[in-house]
Trainee: 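Shown below is the structure under consideration.
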Number of protein chains: 2
Amino acid sequence: MAKTTFISWNVNGIRAVEKKAALKWIDEAEVDFLGLQEIKAEADQIPESIFERDYKFQSINSSSKKGQSGVALYTDVKGLAMCCEHVDILDEGRINEYHFGDIAYFNVYFPNGQRNEERLAYKLAFYDRFLAHINELRSQGRSIVVCGDVNTAHRSIDLARPKANEDTSGFLPVERAWMDRLIENGYIDTFRHVHGDIEERYSWWSYRAGARSRNVGWRIDYFFVSDDLKGKIVDADILDDVMGSDHCPVKLVLDI
Amino acid sequence: MAKTTFISWNVNGIRAVEKKAALKWIDEAEVDFLGLQEIKAEADQIPESIFERDYKFQSINSSSKKGQSGVALYTDVKGLAMCCEHVDILDEGRINEYHFGDIAYFNVYFPNGQRNEERLAYKLAFYDRFLAHINELRSQGRSIVVCGDVNTAHRSIDLARPKANEDTSGFLPVERAWMDRLIENGYIDTFRHVHGDIEERYSWWSYRAGARSRNVGWRIDYFFVSDDLKGKIVDADILDDVMGSDHCPVKLVLDI
DNA sequence: CATACGATG
DNA sequence: CATCCTATG
């Protein structure tokens with residue numbers, strides 16, 4: 001396959017993005033794997049041709065709660081779409097798991113923990129279940145690619161206002177500790193791998209108070225790969241010129 | 001006072017209408033009494049200056065249910081705003097009652113009966129209570145002016161599709177019978193008084209299927225006056241060129 | 001079809 | 001601030 005391009009984007013409503021014609025750039029981007037989060041729609045609510053091109057395979061995982069979360073995976077690479085119910089135990093439409101070749105590819109919308117303590121606990125338990133799951137697959141010899149909205153900024157350089165958000169879910173020590181653990185378990189934050197400690201690169205901005213124009217943002221959208229894929233990382237980037245959502249897309253190119 | 005202009009308009013959300021700048025025409029229209037229905041807002045949710053001019057007196061009656069119904073009255077004529085709780089017993093923000101001179105003026109958003117049988121029964125009971133109330137005032141020697149969204153087309157010429165709507169609340173025999181009774185009780189449908197049996201003049205069109213552009217509408221917004229005011233009717237009209245709501249305004253000019 | 005709400009982020 | 005929900009019309 002050689003160079004393989006992955007895109008991950010939290011669209012905050014696929015129908016809204018479609019109306020804004022904000023998906024057009026994907027048609028020209030030569031994307032091999034497209035993972036969308038927060039589609040906020042059932043499969044039959046997604047407009048017919050949101051893309052000019054037709055992807056041969058698609059996997060839509062909608063939430064049991066209408067109009068909330070939901071993820072969608074589009075690709076031309078034949079593979080096996082798995083359900084991942086033992087991680088997404090509330091059936092909130094948070095995971096596409098797709099196996100192709102030796103790779104298990106995950107498109108994930110991790111829970112937001114800001115609503116209350118219960119949701120924070122759910123997020124942390126989800127984190128744990130997810131890590132156990134990919135570790136299990138890895139122990140079986142699979143390589144892992146994970147993209148999505150992790151809903152946590154890892155380090156101080158991953159958000160514009162670290163001090164002000166030390167008590168905010170999304171930058172809590174306990175959440176950041178899980179990301180440390182993810183990395184200790186052998187998963188690479190591909191953006192940091194390529195760009196080192198570059199600052200002021202974010203993937204989400206609040207709609208409020210013109211945060212995006214002032215670049216008061218957070219880097220909460222990631223591509224992680226298992227370290228056996230380290231030598232295959234060609235590029236990783238944040239596409240912060242793409243508008244249409246409160247998140248921008250992130251990108252990974254692997255030579256596989 | 002001489003010529004006195006009354007305007008009645010179901011705005012279907014005063015904030016939406018304000019955003020569309022669809023209230024500007026009122027500033028130039030020299031309106032003495034303005035009655036709005038379905039404002040769908042609390043008093044403090046109504047933008048500061050929806051009109052260029054300031055009315056000296058205003059009376060806002062919002063529903064106990066947020067974002068539903070609600071009526072507003074604007075005038076420079078000093079009078080007495082009454083609450084009319086014994087008619088609007090569910091506190092749905094349906095009536096402005098305003099006494100000035102010998103006149104009791106009512107701005108009313110009559111209930112819609114389409115939701116279910118219970119609401120239809122409520123509408124009919126509201127009709128009865130309202131008629132009893134104005135009859136009582138009349139027996140005390142007051143003249144009556146009633147404007148608003150009656151939510152019923154009186155006769156076949158008052159809607160584009162009478163046959164198709166014989167079983168639809170808004171044109172049911174029992175609803176039409178109440179309007180007959182209103183007239184028998186000595187209240188004049190001022191539009192008919194001025195224009196006779198003119199056809200295809202409506203004040204409401206469904207938003208669906210381009211009904212307004214095809215003039216598939218209903219005349220459900222009225223000005224009634226007690227027959228002692230008959231000789232004072234100067235004009236009555238339907239302002240169907242005013243856009244901004246699914247209803248258009250209706251107008252009455254009295255020489256009082 | 002359109003305007004409100006409330007939940008969620 | 002924005003997207004989606006449901007209720008209401």
Side-chain angles (χ1 to χ4, degrees), chain A residues 10-20 22 37-42 45-46 62-70 92-94 109-116 118-120 122-123 149 151-152 168-170 204-213 216 218 220-221 243-247, chain B residues 10-20 22 37-42 45-46 62-70 92-94 109-116 118-120 122-123 149 151-152 168-170 204-213 216 218 220-221 243-247:
Chain A
N10 179 320
V11 291
N12 191 22
I14 196 166
R15 286 170 286 181
V17 161
E18 196 274 336
K19 271 185 211 153
K20 295 178 229 166
Q37 305 98 40
E38 274 206 274
I39 60 170
K40 295 187 175 184
E42 313 283 308
Q45 293 177 309
I46 300 174
S62 298
S63 173
S64 55
K65 291 143 198 152
K66 282 199 75 171
Q68 289 180 227
S69 51
E92 294 183 326
R94 298 192 171 274
Y109 175 46
F110 289 89
N112 186 304
Q114 290 183 348
R115 200 187 322 161
N116 53 40
E118 188 184 332
R119 288 301 291 180
L120 176 59
Y122 182 72
K123 174 182 182 176
D149 177 359
N151 257 321
T152 295
T168 306
S169 173
W204 176 82
W205 303 262
S206 168
Y207 277 123
R208 288 168 240 201
R212 188 159 184 175
S213 65
V216 179
W218 301 50
I220 59 179
D221 300 270
M243 307 300 285
S245 165
D246 50 346
H247 296 249
Chain B
N10 180 320
V11 292
N12 191 22
I14 196 166
R15 285 169 288 181
V17 161
E18 196 274 337
K19 273 186 209 149
K20 297 177 229 167
Q37 305 97 41
E38 275 205 273
I39 61 169
K40 295 186 174 186
E42 313 281 309
Q45 293 177 309
I46 300 173
S62 298
S63 173
S64 54
K65 291 141 198 154
K66 283 199 73 171
Q68 291 180 227
S69 51
E92 294 183 326
R94 298 192 171 274
Y109 175 46
F110 288 90
N112 186 304
Q114 291 182 347
R115 199 188 323 160
N116 53 40
E118 189 183 331
R119 288 302 290 181
L120 176 59
Y122 183 70
K123 174 181 181 176
D149 176 358
N151 256 321
T152 296
T168 306
S169 173
W204 176 82
W205 304 262
S206 169
Y207 278 124
R208 289 168 238 199
R212 188 160 184 174
S213 64
V216 178
W218 301 50
I220 58 179
D221 299 271
M243 306 302 284
S245 165
D246 50 347
H247 296 248

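Below, chain A is the first sequence line, B the second, and so on; all start at residue 1.
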Trainee: How would you give the extent of chain B contacts on DNA chain C, as first and last nucleotide 5' to 3' within a 4.0 Å heavy-atom cut-off?
Mentor: dC1(C) to dC5(C)

Trainee: Taking only residues two or more places apart in sequence, or in another chain, which ones meet Asn10(A) in a side chain to side chain donor-acceptor pair (under 3.5 Å)?
Mentor: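 Testing Asn10(A) for side chain to side chain donor-acceptor pair (under 3.5 Å), a comparison that skips the adjacent residues, returns Glu38(A), Asp149(A), His247(A).
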
Trainee: Between Glu92(A) and Lys65(A), does any side-chain N to carboxylate O distance fall below 4.0 Å?
Mentor: yes

Trainee: Keeping Lys123(A) on the side-chain end and Ser169(A) on the backbone end, is there a donor-acceptor pair under 3.5 Å?
Mentor: no

Trainee: If every non-hydrogen atom of Ala22(A) is compared with every non-hydrogen atom of Gly244(A), which pair is closest and at what distance?
Mentor: CB-CA, 4.0 Å

Trainee: Counting N and O atoms only, with roles assigned by atom type, does the side chain of Ser206(A) sit under 3.5 Å from a partner on the main chain of Arg208(A), one being a donor and the other an acceptor?
Mentor: yes

Trainee: Between the main-chain N or O of Gly93(B) and the side-chain N or O of Ser62(B), is there a donor-acceptor pair closer than 3.5 Å?
Mentor: no

Trainee: Can you build the contact string for nucleotides 2-9 of chain D? Use B for base contact, S for sugar-phosphate-only contact, and - for no protein heavy atom under 4.0 Å.
Mentor: SBSSS-SB

Trainee: Looking just at side-chain N and O atoms, do Asn12(B) and Lys40(B) make a donor-acceptor pair shorter than 3.5 Å?
Mentor: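 Present: a donor and an acceptor within the cut-off.
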
